[in-house]
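Count residues from 1 along the sequence.
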Amino acid sequence: MPTFLPVIDNDRPFQPVFQPCINETLQHLGVLFKETLHSVYLAGSVARRDAVPGQSDLNLTLVFERPLNDLEKSRLHSLSTHIARRHRAVKRLDIRMATTRDVLSLDGIFQWGFWLRHCCVCLRGDDLSGRFGAFEPSWDAAKSLNGPFEPILIEYREKILKTRVPEHYLDYCEYIGKKMLWTAYTLVFHREKVLALSVREATALFLKNYPDKAVDIERAYILMSRTQVPKKASLFLLQGFGQWLVDEWNKIERKIG
């Protein structure tokens with residue numbers, strides 16, 4: 001029998017500390033993108049109702065009727081900065097964007113259908129997740145969870161290399177450390193057939209298949225924790241474990257994808 005993945009329970013209210021941030025964000029989005037915004041979705045720990053105030057991100061997916069122009073993208077970036085400054089309950093506003101055409105296209109079935117159906121709850125607009133049936137664990141589903149890692153690895157290697165601002169350095173390390181841990185999980189999702197809901201659960205499943213990578217996982221946790229480490233050490237991890245993740249991802253893609 002097929003093993004269908006669970007969906008996030010949306011009957012419970014969100015944690016009260018995050019509700020003002022959600023409300024204000026939706027209000028601003030409705031004003032700024034009144035004519036173009038189709039629907040808004042919440043993912044991550046806030047959607048699961050297990051977020052940690054002051055440590056968790058507000059992860060939103062915005063579906064628009066058409067691609068945004070440069071001015072609209074600038075407004076969205078300004079809104080992200082404004083919300084993060086106004087609401088200390090969240091560390092940042094993390095936004096993914098798509099158009100209705102992207103989501104409802106044949107290519108979008110796994111890229112967006114799985115994401116909206118199993119990883120998000122709809123906050124506003126026509127809930128497109130209802131257009132998709134339940135998904136089974138698969139490599140295609142794993143790719144939609146995290147996407148290709150190589151472009152992000154290259155981007156953050158350069159950011160870490162060039163920055164001279166300690167706070168920015170810690171931000172970059174935190175992001176790429178977390179990204180490496182989730183990327184590691186996507187390598188085994190199609191084998192384990194378990195939808196991990198936390199980084200700890202995700203890395204435990206990864207280490208079950210790759211126990212020899214325990215030291216690398218520990219070091220990625222150190223980056224994610226914002227512990228100050230020398231640039232040389234963080235770049236070494238990106239060059240070693242980060243590149244290994246890229247190579248392993250590509251190997252599975254050639255074999256399965």
Side-chain angles (χ1 to χ4, degrees), residues 7-105 107-109 111-132 144-147 152 155 159 165 167-168 171-172 174-175 178-179:
V7 298
I8 298 176
D9 177 14
N10 203 24
D11 292 333
R12 294 178 294 136
F14 297 114
Q15 295 161 273
V17 67
F18 297 103
Q19 194 65 59
C21 180
I22 294 171
N23 293 343
E24 184 175 346
T25 303
L26 290 175
Q27 181 181 9
H28 283 293
L29 288 171
V31 172
L32 291 172
F33 305 103
K34 183 178 180 180
E35 303 300 325
T36 57
L37 185 62
H38 176 275
S39 45
V40 180
Y41 305 83
L42 177 66
S45 57
V46 179
R48 298 192 304 267
R49 284 76 166 176
D50 61 6
V52 179
Q55 297 183 28
S56 296
D57 298 340
L58 188 69
N59 301 101
L60 295 182
T61 294
L62 309 181
V63 179
F64 293 95
E65 299 288 357
R66 57 164 175 78
L68 298 187
N69 58 42
D70 289 342
L71 177 59
E72 289 167 330
K73 290 178 182 177
S74 177
R75 288 172 177 167
L76 187 58
H77 178 74
S78 296
L79 175 60
S80 299
T81 303
H82 170 77
I83 292 297
R85 287 176 178 171
R86 283 261 301 159
H87 296 274
R88 297 298 179 89
V90 298
K91 289 198 71 170
R92 64 177 63 85
L93 181 58
D94 186 42
I95 293 176
R96 296 179 66 174
M97 291 187 292
T99 65
T100 51
R101 183 176 181 178
D102 294 332
V103 173
L104 298 177
S105 69
D107 290 340
I109 291 176
Q111 183 179 0
W112 293 108
F114 172 80
W115 175 252
L116 298 182
R117 178 76 175 175
H118 293 285
C119 305
C120 299
V121 294
C122 185
L123 297 178
R124 172 184 174 142
D126 177 20
D127 185 359
L128 294 176
S129 70
R131 309 283 184 95
F132 305 92
S144 75
L145 274 173
N146 207 54
I152 296 171
E155 177 187 355
K159 285 183 174 182
V165 181
E167 190 67 17
H168 291 173
D171 288 342
Y172 300 152
E174 179 187 11
Y175 179 86
K178 183 184 292 186
K179 195 69 175 177

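- The CD1 atom of I83 sits 3.5 Å away from the OG1 atom of T25 when rounded to the nearest 0.5 Å.
- Taking the side chain as every heavy atom from C-beta outward, F18 and L42 never approach each other to under 4.5 Å.
- For the pair L76/E72, no side-chain contact is recorded, criterion being any heavy-atom separation below 4.5 Å from C-beta on.
- Atoms NE2 and CG, on H118 and L116 in that order, are 10.5 Å from each other to the nearest 0.5 Å.
- Between L60 and L93, the closest side-chain pair of non-hydrogen atoms falls below 4.5 Å.
- Heavy atoms of other residues, nucleotides or ligands lying less than 6.0 angstrom from CG of N69 number more than 12.
- When all heavy atoms of A84 and K91 are compared, the pair lying nearest together is CB-O, 4.1 Å.
- Looking only at side-chain heavy atoms (C-beta outward), V40 and F33 stay at 4.5 Å or farther from each other.
- Other residues, nucleotides and ligands place more than 12 heavy atoms under 6.0 Å from the CZ atom of R66.
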Would R75 and L71 count as a side chain to side chain contact (heavy atoms under 4.5 Å, CB included) if you check the C-alpha gap in whole Å, the side-chain angles of each, and the deciding distance to 0.1 Å? CA-CA 6 Å; R75 288 172 177 167; L71 177 59; 3.5 Å; yes
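- Of the possible donor and acceptor atoms, one in the side chain of Y41 sits under 3.5 Å from a partner among the backbone N and O of L128.
- Within the 4.5 Å cutoff, no side-chain heavy atoms of T100 are placed close to those of V103.
- Summarising the geometry, atom CZ belonging to F114 is positioned 4.5 Å from atom SG belonging to C119; distances are rounded to the nearest 0.5 Å.
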Would you please test H168 and K159 for side chain to side chain contact (heavy atoms under 4.5 Å, CB included) and show each step? CA-CA 9 Å; H168 291 173; K159 285 183 174 182; over 6 Å; no
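- Here OG of S56 is found 8.5 Å from CZ of R48. Values are rounded to the nearest 0.5 Å.
- Two residues are said to be in side-chain contact when any heavy atoms from C-beta on lie closer than 4.5 Å; H77 and K73 fail this criterion.
- Salt bridge present: D126 and R131 bring a charged side-chain N and a carboxylate O closer than 4.0 Å.
- Minimum heavy-atom separation, A51 to P53: O-CD, 3.7 Å.
- Remark: R12 CZ is packed, more than 12 non-hydrogen atoms of other residues, nucleotides or ligands lying under 6.0 Å away.
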Could you go step by step and tell me if I22 and V46 meet the side chain to side chain contact (heavy atoms under 4.5 Å, CB included) rule? CA-CA 10 Å; I22 294 171; V46 179; 4.1 Å; yes
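- Between L32 and L79 the shortest heavy-atom distance is CD1-CD2, 4.2 Å.
- Under the 4.5 Å side-chain criterion, counting only non-hydrogen atoms from C-beta, Y175 is not in contact with D57.
- For the pair H38/F64, no side-chain contact is recorded, criterion being any heavy-atom separation below 4.5 Å from C-beta on.
- Ion pairing between K179 and E155 fails under the 4.0 Å rule for side-chain N and carboxylate O.
- Of the possible donor and acceptor atoms, none in the side chain of R124 sits under 3.5 Å from a partner among the backbone N and O of C122.
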Show your reasoning for whether salt bridge (charged side-chain N to carboxylate O under 4.0 Å, His left out) applies to E174 and R92. CA-CA 12 Å; E174 179 187 11; R92 64 177 63 85; 3.7 Å; yes
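- Going from atom SG of C21 over to atom CG of L26 covers 9.5 Å, rounded to the nearest 0.5 Å.
- Rounding to the nearest 0.5 angstrom, the gap separating the OG atom in S80 from the CG atom in L58 is 9.5 Å.
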